[in-house]
Amino acid sequence: MSKVDNSTEPLLAVTDLKVTFNTRGTTPVRAVDGVSFSVRAGETLGVVGESGSGKSVTSLAILGLLPERGVQVEGSITFDGAELLTSSEREMQAVRGRRVAMVFQDPMSSLNPVLTIGRQLTEVLRRHHVCHKAEAPGRAAALLDRVGIPEARRRLDNYPHQLSGGMRQRVMIAMALACEPAVLIADEPTTALDVTIQAQVLELLRELVAQSNTALILITHDLGVVAGMCDRVHVMYSGRIVESGERHPLFAQPRHHYTRGLLASVPRLDLVGGKLTPISGSPRDVIDWADGCAFAPRCPAVTESCLGTPPALEPLDDTFVRCVNPAPLGQSMWKAD
């Protein structure tokens, strides 16, 4: 893991981000509700939560990829000192892909099925003026070789369906790295991959961050994935960050009951034969944050104080927790590598 200089200004800073979806005839849905975080060069930031917690919507808002109609985005997103939310589409095109890139969670649907891998890679290189047309195939092959795809030159003529899931994910990473971005957002990069390929993809991301000092935002639902990857972790639930902190204290002594539930749901080799403890209910079982803690209907430690006034994200020992009845300090649940 690369060394992070905490004295430097953040490359990317998200402040009080709110994203609301408005559909005619239905109640507006606040998918992201006051999210704030920042990431520095060489740092790996984990954003964790179940499906529907607002992780992917946050990443799409950063890149300006949310639809204009029916979506209201508020707050501030600054990259290298420039405000992105008020930038024109032309200005965003100069940032998107070149300075801030994203690895989408489903490479089969993200890659164009009727264009070869080489065509899609060279288009990125030429669109952002990385190299001339004659040099593009060689640069594309070098990118595929960099992410560990064998016979890279021959793979340029393949279509996405001719590659395995792991190789398609590596192609997505190669496309994201084509312009050597300062910030890389990886949205569920190991989804639908077997455990061996998952480990290879995560190791690849780790090496690339260390070599290029890129800031990596790793979005996932699995705290086990970020245990050996991230410097800091933000746990999201129902559009808000409910716990935040450095990796080691957060994994050793999680204080929010949702974080503890996520950890208890992950299989552990040191507890072979033991039962997993799933989080009760569904992510849909929430209350509005204005009425208290959205996790209250699923929380095993809910009290009357959890309802009424929405809890704030406040410092508690070594982390920040959005909970009025946090879990007590006790035996460590997890050891981060």
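Numbers for residues simply follow the sequence, beginning at 1.
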(request) Determine yes or no for a side-chain-to-main-chain donor-acceptor pair under 3.5 angstrom, with His256 supplying the side chain and Arg322 the backbone. (result) yes

(request) Verify, without hydrogens or angle tests, whether Gln72 (side chain) and Asn22 (backbone) share a donor-acceptor contact under 3.5 angstrom. (result) no

(request) Keeping the roles fixed (side chain from Arg153, backbone from Ala141), state whether a donor-acceptor pair exists under 3.5 Å. (result) no

(message) Is the shortest side-chain heavy-atom distance between Leu17 and Val73 below 4.5 Å?
(response) yes

(message) Whether the side chain of Arg170 engages the backbone of Ile149 through a donor-acceptor N/O pair (distance < 3.5 Å, no angle test) should be reported.
(response) no

(request) State, to 0.1 Å, how close Glu243 and Arg255 come at their nearest heavy-atom pair, and which atoms those are. (result) OE2-N, 2.9 Å

(request) Find the distance between CG (Leu125) and NZ (Lys133) and round it off to the nearest 0.5 Å. (result) 14.0 Å

(message) Can you tell me how far apart CD1 (Ile173) and CG (Leu205) are? Round to the nearest 0.5 Å.
(response) 4.5 Å

(message) Under a 3.5 Å threshold, yes or no: a donor from one side chain and an acceptor from the other, between Thr20 and Arg30?
(response) yes

(request) May I ask you to decide if Ala215's main-chain N or O and Arg40's side chain share a donor-acceptor pair within less than 3.5 Å? (result) no

(request) Give the minimum heavy-atom separation between Met172 and Ser110, together with the two atoms involved. (result) CE-CB, 3.7 Å

(request) Quick one: pull up CD1 in Ile217 and SG in Cys230 and give me the separation to the nearest 0.5 Å. (result) 10.5 Å

(message) Between Val47 and Thr58, does the side-chain contact (heavy atoms from CB on, under 4.5 Å) criterion hold? Intermediate values first, please.
(response) CA-CA 10 Å; Val47 181; Thr58 299; over 6 Å; no

(request) Look up atom CZ in Arg260 and atom CG in Leu223, then write down how far apart they are to the nearest 0.5 Å. (result) 12.5 Å

(request) Using atom types as modelled and distance alone, determine if a side-chain donor or acceptor of His257 lies under 3.5 Å from a backbone N or O of Val302. (result) no

(message) Salt bridge or not between Arg284 and Glu50? Use side-chain N to carboxylate O under 4.0 Å.
(response) no

(message) So does Ser76 get a backbone contact from the side chain of Glu83, meaning a donor-acceptor N/O pair under 3.5 Å?
(response) no

(message) Rounded at 0.5 Å granularity, tell me how far OG in Ser56 sits from CD in Glu188.
(response) 6.5 Å

